[in-house]
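The structure appears below as structure tokens.
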Amino acid sequence: MTKIYNPKSFNKLKQMKVRKWLIAGIVAVQLLSSCEAVRISEISNYKDSEFVFGSNKTALLVGNDDISINEFTKTFSKKYKQKHDFVKQYDSLCAITLKQENIFGEIKHDKSFEFVSNDPLTFTQEQQKKVDSLFTNTKADYLIRISGHEITNSIQGSPGMPVAMSGGGGMRMSAGTQSESCIINSHFQIYDIKTRKKVLDFVSKGSGGVAFFAFEQAFVNAMNNSVKNSAVYLKTGKLKF
């Protein structure tokens with residue numbers, strides 16, 4: 001008996017398969033973003049610090065253009081003309097978030113720290129004057145320095161494997177379970193203005209899963225999560241959540 005080709009049935013089957021993959025992709029991204037994981041790399045111990053947060057505390061936030069772009073280079077170039085644009089957006093988002101979370105009552109920006117090197121061998125007298133000026137002329141309780149941004153990625157799951165087709169039809173690739181995430185790591189150093197003592201030193205990791213080739217949205221989610229995770233840490237001292 002000859003089978004009659006029914007284009008409507010074929011299209012319906014195709015749509016069902018596409019819908020199935022879409023649902024699977026959404027679930028995978030949600031699982032990646034909701035799983036408890038280590039989100040903070042602690043350089044100095046939170047429990048031993050003298051950091052005290054609250055709406056009665058004030059801070060001065062400074063950043064620099066120390067950014068390492070290892071992955072998502074096309075996405076970064078599409079969003080920003082120069083590295084400073086990313087720093088400006090990240091710092092602004094951070095200031096808003098830390099104030100909303102009542103970690104600080106007021107946060108101000110100062111860009112004079114932008115080009116001060118982390119390397120003591122290249123630290124000039126002029127740069128030292130800028131640093132001294134920040135501590136001497138600032139009336140805030142804390143100085144927040146954000147630097148060393150790293151933009152990279154993470155691959156989860158396994159790729160497809162070659163599988164022999166029945167009837168000697170050659171090889172085909174099986175469906176893989178790989179998924180990609182954008183990762184943004186940002187280095188936070190917090191100083192007590194009065195004592196000039198560093199009270200906190202940590203790296204906040206933000207992750208954003210890539211769903212259906214939406215690389216820019218993954219990048220934005222990673223940045224938002226990096227900031228959000230820093231706020232959680234400042235309030236709780238938790239490394240994993």
Side-chain angles (χ1 to χ4, degrees), residues 36-68 70 87 90-123 127-128 130-152 154 183-207 222-241:
E36 186 174 275
V38 176
R39 308 187 193 278
I40 301 294
S41 298
E42 206 171 44
I43 299 172
S44 63
N45 197 320
Y46 185 94
K47 294 179 181 179
D48 296 335
S49 74
E50 299 174 8
F51 175 69
V52 180
F53 67 88
S55 58
N56 63 326
K57 298 296 181 179
T58 57
L60 175 70
L61 190 152
V62 295
N64 65 18
D65 293 347
D66 180 17
I67 306 175
S68 176
N70 302 323
V87 173
Y90 188 98
D91 289 355
S92 177
L93 178 63
C94 188
I96 292 170
T97 302
L98 297 185
K99 187 173 181 179
Q100 287 178 341
E101 292 295 324
N102 292 319
I103 297 171
F104 299 105
E106 184 181 2
I107 300 179
K108 294 182 178 180
H109 288 135
D110 191 309
K111 300 177 182 179
S112 62
F113 210 37
E114 262 175 15
F115 302 107
V116 176
S117 172
N118 283 319
D119 186 353
L121 296 177
T122 63
F123 203 80
Q127 289 172 334
Q128 184 62 59
K130 290 181 180 180
V131 175
D132 290 339
S133 177
L134 282 174
F135 285 102
T136 303
N137 300 324
T138 300
K139 296 181 180 179
D141 296 302
Y142 294 102
L143 171 67
I144 306 171
R145 186 185 183 209
I146 307 176
S147 61
H149 297 283
E150 180 192 29
I151 300 168
T152 183
S154 175
I183 305 295
I184 295 181
N185 297 309
S186 300
H187 186 188
F188 285 71
Q189 294 173 306
I190 300 182
Y191 297 82
D192 185 300
I193 292 289
K194 292 181 180 178
T195 64
R196 299 195 179 194
K197 180 182 178 182
K198 189 195 301 183
V199 293
L200 283 176
D201 195 343
F202 64 96
V203 175
S204 181
K205 174 185 177 181
S207 176
M223 180 172 62
N224 290 341
N225 286 331
S226 176
V227 171
K228 182 182 71 175
N229 295 340
S230 72
V232 173
Y233 173 73
L234 289 175
K235 293 185 78 169
T236 67
K238 291 183 178 180
L239 308 179
K240 185 178 181 179
F241 46 87

Contacts under 3.5 angstrom, residues 46-54 side chains, donor-acceptor by atom type, not counting sequence neighbours:
residue, atom, partner, partner atom, Å
Tyr46, OH, Leu234, O, 2.7
Ser49, OG, Tyr46, O, 2.8
Glu50, OE2, Lys197, NZ, 3.3

Rounded to the nearest 0.5 Å, what's the gap from [atom1] on [X] to [atom2] on [Y]? Could you check?
X	Y	atom1	atom2	value
Leu200	Asn45	CG	CG	9.5 Å
Ser92	His109	OG	NE2	5.5 Å
Asn185	Ser207	CG	OG	9.5 Å
Glu36	Lys238	CD	NZ	8.0 Å

Check: [X] side chain, [Y] main-chain N or O, donor-acceptor pair, under 3.5 Å:
X	Y	result
Thr152	Ile183	no
Asp141	Thr58	yes
Ser44	Asp201	yes

Minimum heavy-atom separation for [X] to [Y], with atom names?
X	Y	result
Ala231	Thr97	CB-CG2, 4.1 Å
Cys94	Ile146	SG-CD1, 3.8 Å
Ile184	Ser186	CG2-OG, 3.9 Å
Ser147	Asn64	CB-OD1, 3.3 Å
Lys205	Val38	CD-O, 4.2 Å
Ser230	Ser204	N-OG, 3.3 Å

*Among side-chain atoms of Asp65 and His149, is any donor-acceptor pair under 3.5 angstrom?*
no
*Pair Thr136-Asp132, side-chain donor/acceptor within less than 3.5 Å*: no
I want to check something: taking the side chain as every heavy atom from C-beta on, are [X] and [Y] in contact at a cut-off of under 4.5 Å?
X	Y	value
Asn70	Glu150	yes
His187	Ile43	yes
Leu93	Asn224	yes

*So among Asp192, Leu143, Leu60, Thr195, which one has a side chain to side chain contact (heavy atoms under 4.5 Å, CB included) with Phe135?*
Leu143
*Could you list all the salt bridge (charged side-chain N to carboxylate O under 4.0 Å, His left out) pairs where at least one residue sits in residues 54-63, not counting sequence neighbours?*
none
Side chain to side chain contact (heavy atoms under 4.5 Å, CB included) against [X], all qualifying residues, sequence neighbours excluded:
X	answer
Lys139	none
Val232	Thr236, Phe241
Asn56	none

Only pairs under 3.5 Å count here: list side-chain donor-acceptor contacts from residues 98-108, not counting sequence neighbours, and write none if there are none.
none

*asked:* Please check if the number of heavy atoms outside Lys235 that lie under 6.0 Å from its NZ is greater than 12.
replied: yes
_Ring-plane angle category for Tyr233 and Phe202, please: parallel below 30°, perpendicular beyond 60°, tilted otherwise._
tilted
